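Have a look at the structure below, then the notes.
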2 protein chains.
Amino acid sequence: MLELAILGFLYDTPLHGYELRKRLTALIGHVRPVPESTLYPAIKRLEKAGLLARETQPGATAAPRQVLTLTGPGRAQLRDRLASPERADITDENRWFVLLAFLRHLPDPSAQADVLRRRLVFLEEPASFFYEGDRPLRAEEMEDPFRRGVLTIARATGEAELGWLRTTLESLDGHV
Amino acid sequence: MLELAILGFLYDTPLHGYELRKRLTALIGHVRPVPESTLYPAIKRLEKAGLLARETQPGATAAPRQVLTLTGPGRAQLRDRLASPERADITDENRWFVLLAFLRHLPDPSAQADVLRRRLVFLEEPASFFYEGDRPLRAEEMEDPFRRGVLTIARATGEAELGWLRTTLESLDGHV
DNA sequence: TGAACATACCTCGACACCGAGGTACTACGT
DNA sequence: ACGTAGTACCTCGGTGTCGAGGTATGTTCA
């Protein structure tokens, strides 16, 4: 998730680590913080893998900046991760939102539609959180108000997203 | 998240690891799988911390079972984690749902209400995912359909949950 | 002058995650 | 007799996470 977001932000424009961290925090910091001790090793990893290059520039007010730029393989890697996401990028809402945030970087609308369809298939799988034996329990039959809340909220989310997915897919397919 | 769920399930009834894994998979497996190589070390951790005890029983059909039972400190620990959740348990929807799944184990309705109020405060914080400089961008002004989708879905989820939180808080407060 | 805060980057160490693989037994079909 | 699937538990090793702490410069305010 972190690596995808780094690649996504740098795809638009080169950034130094500190600025990158601010943008990452705006995107995913509301859910979980982005500590520097996670970010800087991640940058190193991506650099070592040849996905980004760094260039030292004098700092605007303080220490020198390491300006990070995606390399060719780095740009290809982002498109690849967007076009062929891991299962967890589809199933985990946090990761899915990050993926959506950068999906516009996939050049082909039909490839974008394929990704949306994977999420659609996932959302259409019958799923419940709570079971009595093998039988899924519906919100109406839960006496626990908190578990009922989980089902109620999940259902509302699912419906909102299904609606959005269907209209967006229509308009994407219309452009082909 | 995993540890909270383990404590939550065992609070109801003792279970052996294999059955515990099935229930964990039903609860959170849809978002991310629960590998045995994560579960068994987690059980060991909790045992080492004195939160659960194990008792070997002959297996129903195969290998002997390790039946896991929460100890007194284990039961106290669950109530403590429910009553004073970490920030990430409030902000990360996946973790929040797990917490909700077991919140009924908090004996005091006003303590339950306090936890819901923490989530309410979090949801009421103005938050956006996307910024232009410092200014948060609204769904209407995003030309990127995917980012617009993120905002649309997040808003629908937020509204559904706020509604549920408010009515549930009313009924909890009514019982005090 | 001095404290506080922001900019900007870094390491270390403890620990959690998890794919791959192993062990051992039962049940069922062919 | 053999393969497959399910039950039931486990270790190992590579890797990612992250709190704590460190280094250095610039600005702001008392």
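Convention: sequence-line order gives letters A, B, ...; per-chain numbering from 1. All values reported here derive from a predicted model rather than from experimental measurement.
Within 6.0 Å of atom CZ in B:Arg138, 12 or fewer heavy atoms from other residues, nucleotides or ligands are found, so the atom counts as exposed in its surroundings.
Nearest to the side-chain atoms of A:Lys22 among the listed nucleotides C:dT7, C:dA8, D:dT7 stands C:dT7. The B:Glu36 side chain lies nearest to D:dC9 when the options are D:dC9, C:dC17, C:dC9. Among the nucleotides D:dC9, C:dC12, C:dA8, the one closest to any side-chain atom of A:Ala63 is C:dA8. Taking the side chain of B:Thr38 as heavy atoms from C-beta on, and the options C:dC17, C:dG19, C:dC9, the nearest nucleotide is C:dC17. Ranking C:dA6, D:dC9, D:dT17 by closeness to the A:Tyr18 side chain, first place goes to C:dA6.
Residues A:Arg79 and A:Tyr11 bring a donor and an acceptor atom of their side chains to less than 3.5 Å of each other. With hydrogens and angles left out, the side-chain atoms of B:Trp164 and B:Glu159 include no donor and acceptor closer than 3.5 Å.
One interatomic measurement links the two molecules: CD1 of A:Ile28 to C1' of D:dC18, which rounds to 14 Å at whole-angstrom precision. Spacing between atom CD of B:Glu86 and atom C1' of D:dT17 amounts to 13 Å, rounded to whole angstrom units. Rounding to whole angstrom units, CZ of residue B:Arg23 and P of D:dT7 are separated by 14 Å. In this structure, the CD1 atom of B:Ile6 is 13 Å from the C1' atom of C:dC17, given to the nearest Å. The nearest whole Å value for the distance from the CD atom in A:Gln66 to the C1' atom in D:dA24 is 14 Å. At whole-Å resolution of the value, CG in A:Leu15 and C1' in C:dC9 are 16 Å apart. Atom CG of A:Leu20 and atom P of C:dT7 are 15 Å apart (whole Å). Taking atom CZ of residue B:Arg65 and atom C1' of nucleotide D:dT7, one finds them 8 Å apart after rounding to whole Å.
Each of B:Ser37 and A:Pro35 was assigned the nucleotide of DNA chain D with the nearest heavy atom; the assignment lying further toward the 5' end belongs to B:Ser37.
With B:Asp12 as the partner, the salt bridge (Lys or Arg N to Asp or Glu O under 4.0 Å) test is satisfied by one option alone out of B:Arg75, B:Arg104, B:Arg23: B:Arg104. Applying the salt bridge (Lys or Arg N to Asp or Glu O under 4.0 Å) test between A:Glu3 and each of A:Lys44, A:Arg95, A:Arg81 identifies A:Arg81 as the sole match.
Under a 3.5 Å cut-off, the side chain of B:Thr69 and the backbone N or O of B:Pro14 do not form any donor-acceptor pair.
Within residues 39-54 of chain B, the residues approached by DNA chain C to less than 4.0 Å at the level of any non-hydrogen atom are B:Arg45, in residue-number order.
Separation of the A:His30 and B:Phe122 ring centroids falls under the 6.0 Å cut-off.
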